[in-house]
K.L.:
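Here it is: the structure, laid out below.
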Amino acid sequence: MQIVLFGPPGAGKGTQAKFLSEEFNIPHISTGDILRENVKKGTALGMKAKSYMDKGELVPDQLLNDLVRSRLEEPDTKKGFLLDGYPRTIPQAKALDEIMDELNRKLDAVVNIDVGTNALVKRLSGRRVCRGCGAPYHIVMNPPKVADVCDACGGELYQRADDREEAIKNRLAVYTKQTQPVLDFYKKKGVLIDIDGDREIEEVKADVINALEEIA
Ligand code: ADP
Ligand code: ADP
Ligand code: ZN
């Protein structure tokens with residue numbers, strides 16, 4: 001199964017991706033996680049991306065297109081994949097079409113997790129992320145069993161620099177302006193699945209899995 005997980009920052013893409021990746025046994029490819037790894041390691045890509053990420057701006061399309069192309073060429077994606085956080089602009093969506101053509105593949109579905117702005121701000125401002133494995137938690141709505149420690153890997157939880165108030169506002173504005181138009185692009189292709197993401201994590205999970213089992 002070849003899936004794009006779509007939605008504004010804080011919609012629950014990373015949270016649901018963890019479940020889906022286990023359920024369907026396909027790799028979870030989060031461009032945000034890959035970029036943060038590169039920033040941490042100080043690679044050339046990380047150094048180019050950092051200033052954009054800290055401000056909540058999008059990293060230039062070309063860098064993302066190259067990153068995704070080389071990731072999708074890896075053999076573990078042959079059984080399928082779950083793209084999280086890409087494409088985020090119309091040029092990225094067109095580039096993904098080309099990449100898929102070159103690899104002789106096709107997208108099965110774009111799952112759009114829909115959540116209202118007020119809920120997004122609450123989710124992002126209380127988010128904590130594992131330094132080890134990137135798993136997302138929420139201090140109130142999805143706390144770890146032990147404070148500040150990842151349930152999955154024991155890693156330390158931290159607050160992302162872009163989950164502070166100023167950057168959150170900018171990211172939501174960037175989403176509306178640059179990313180939301182991508183929804184129409186996929187609607188026209190007939191691959192868009194809308195999910196109400198403004199509910200409990202377990203309810204959203206059941207809905208997404210049901211929807212994907214229908215098309216599998
Ligand atoms: P995204 O990857 O789309 O930015 P995350 O999966 O990181 O979103 O979730 C953002 C924040 O909201 C995290 O703190 C997460 O624990 C929390 N969260 C995710 N899904 C829900 C939900 N259905 N209800 C309440 N909080 C949620
Ligand atoms: P969130 O989970 O809150 O939606 P991500 O972890 O997906 O955020 O992305 C964090 C940051 O990484 C973005 O604000 C942006 O700077 C950069 N980024 C990630 N994916 C892309 C992309 N497809 N295009 C451009 N920038 C990206
Ligand atoms: Zn962890």
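On a predicted model such as this, the values are computed, not experimentally measured, just so you know. Throughout, numbering of the chain's residues begins at 1 and tracks the sequence. Computed over heavy atoms, backbone and side chain alike; hydrogens, waters and symmetry mates excluded. Whatever order the structure lists ligands and atoms in, that order sets their numbers, starting from 1.
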K.L.:
Quick test of your reading of the structure: of Lys55, Glu57, Arg88, whose heavy atom lies closest to atom 5 (P) of ligand 2?
P.N.:
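Ranked by closest heavy atom to atom 5 (P) of ligand 2, first place is Arg88.
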K.L.:
At the Zn ion (ligand 3), what's the angle from Cys130 SG to Cys150 SG, rounded to 10 degrees?
P.N.:
110°
K.L.:
Which ligand 2 atoms are under 4.0 Å away from a heavy-atom of Pro9?
P.N.:
3 (O), 4 (O)
K.L.:
Can you check whether Val59 has an N/O within less than 3.5 Å of an N/O in ligand 2?
P.N.:
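Right, the criterion is met.
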K.L.:
Going by the atom numbers of ligand 1, which of them fall below 4.0 Å from some non-hydrogen atom of Tyr137?
P.N.:
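Reading through ligand 1 atom by atom, the close ones are 13 (C), 14 (O), 16 (O).
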K.L.:
Distance under 4.0 Å to a non-hydrogen atom of Thr31: what atoms of ligand 2 satisfy this?
P.N.:
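It comes down to these atoms of ligand 2: 19 (C), 20 (N), 21 (C), 23 (N).
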K.L.:
Under 4.0 Å, counting heavy atoms only: does Gln16 come that close to any atom of ligand 1?
P.N.:
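So Gln16 does not count as touching ligand 1.
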K.L.:
Please identify which atoms of ligand 1 are closer than 4.0 Å to at least one heavy atom of Ala11.
P.N.:
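Within the 4.0 Å cut-off of Ala11, ligand 1 contributes 3 (O), 8 (O).
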K.L.:
Using distance alone, determine whether Tyr86 and ligand 2 share an N or O pair under 3.5 Å.
P.N.:
no
K.L.:
Knowing that exactly one of Arg171, Arg128, Lys169 qualifies, which makes a salt bridge (Lys or Arg N to Asp or Glu O under 4.0 Å) with Asp163?
P.N.:
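Single salt bridge (Lys or Arg N to Asp or Glu O under 4.0 Å) partner of Asp163 among Arg171, Arg128, Lys169: Arg171.
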K.L.:
Using a strict 4.0 Å cut-off to heavy atoms of Glu200, name the atoms of ligand 1 that fall inside it.
P.N.:
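It comes down to these atoms of ligand 1: 23 (N).
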K.L.:
Hey, is ligand 2 close enough to Asp162 that some N/O pair sits below 3.5 Å?
P.N.:
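N/O-N/O distance below 3.5 Å does not exist for this pair.
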K.L.:
For the 3.5 Å polar cut-off, considering only N or O atoms, please tell me whether Gly85 and ligand 2 meet it.
P.N.:
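Yes - when backbone and side-chain N and O of Gly85 are compared with those of ligand 2, one distance drops under 3.5 Å.
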K.L.:
Indicate yes or no: does Arg69 engage Glu102 in a salt bridge with an N to O separation below 4.0 Å.
P.N.:
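A salt bridge is present here (some side-chain N lies under 4.0 Å from a carboxylate O).
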K.L.:
State the atoms of ligand 1, each with its element, that fall below the 4.0 Å cut-off from a heavy-atom position in Met141.
P.N.:
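Under 4.0 Å from Met141, ligand 1 has these atoms: 25 (C), 26 (N).
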K.L.:
Should the proximity of Leu58 to ligand 2, defined as any heavy atom under 4.0 Å, be assigned to the side chain, the backbone, both, or neither?
P.N.:
both
K.L.:
For Leu124 and ligand 1, does the shortest N/O to N/O distance drop below 3.5 Å?
P.N.:
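Leu124 vs ligand 1: no N/O contact under 3.5 Å.
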K.L.:
Under 3.5 Å, N or O to N or O, is Arg36 touching ligand 2 that way?
P.N.:
yes
K.L.:
Identify, by atom number and element, the atoms of ligand 2 in contact range of Arg171, meaning under 4.0 Å from any of its heavy atoms.
P.N.:
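The atoms of ligand 2 under 4.0 Å from a heavy atom of Arg171 are 1 (P), 3 (O), 8 (O).
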K.L.:
Asp207 vs Arg199, test: side-chain contact (heavy atoms from CB on, under 4.5 Å). Steps then yes/no.
P.N.:
CA-CA 11 Å; Asp207 254 24; Arg199 291 167 308 147; 3.0 Å; yes
K.L.:
Regarding Lys189 and Asp97, does a basic nitrogen lie under 4.0 Å from an acidic carboxylate oxygen?
P.N.:
yes
K.L.:
Given Arg128, Arg123, Lys205, identify the one with the heavy atom nearest to atom 22 (C) of ligand 1.
P.N.:
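Among Arg128, Arg123, Lys205, the closest heavy atom to atom 22 (C) of ligand 1 comes from Arg123.
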K.L.:
List ligand 2 atoms under 4.0 Å from Gly32, heavy atoms only on the residue side.
P.N.:
5 (P), 6 (O), 9 (O), 19 (C)
K.L.:
What are the two closest heavy atoms between Leu35 and Ala49, and how far apart are they?
P.N.:
CD2-CB, 4.1 Å
K.L.:
I'd like to check whether Gly10 has a polar contact with ligand 1, where a contact means an N/O of the residue lying under 3.5 Å from an N/O of the ligand.
P.N.:
yes
K.L.:
Do Asp33 and ligand 2 have an N or O pair less than 3.5 Å apart?
P.N.:
no
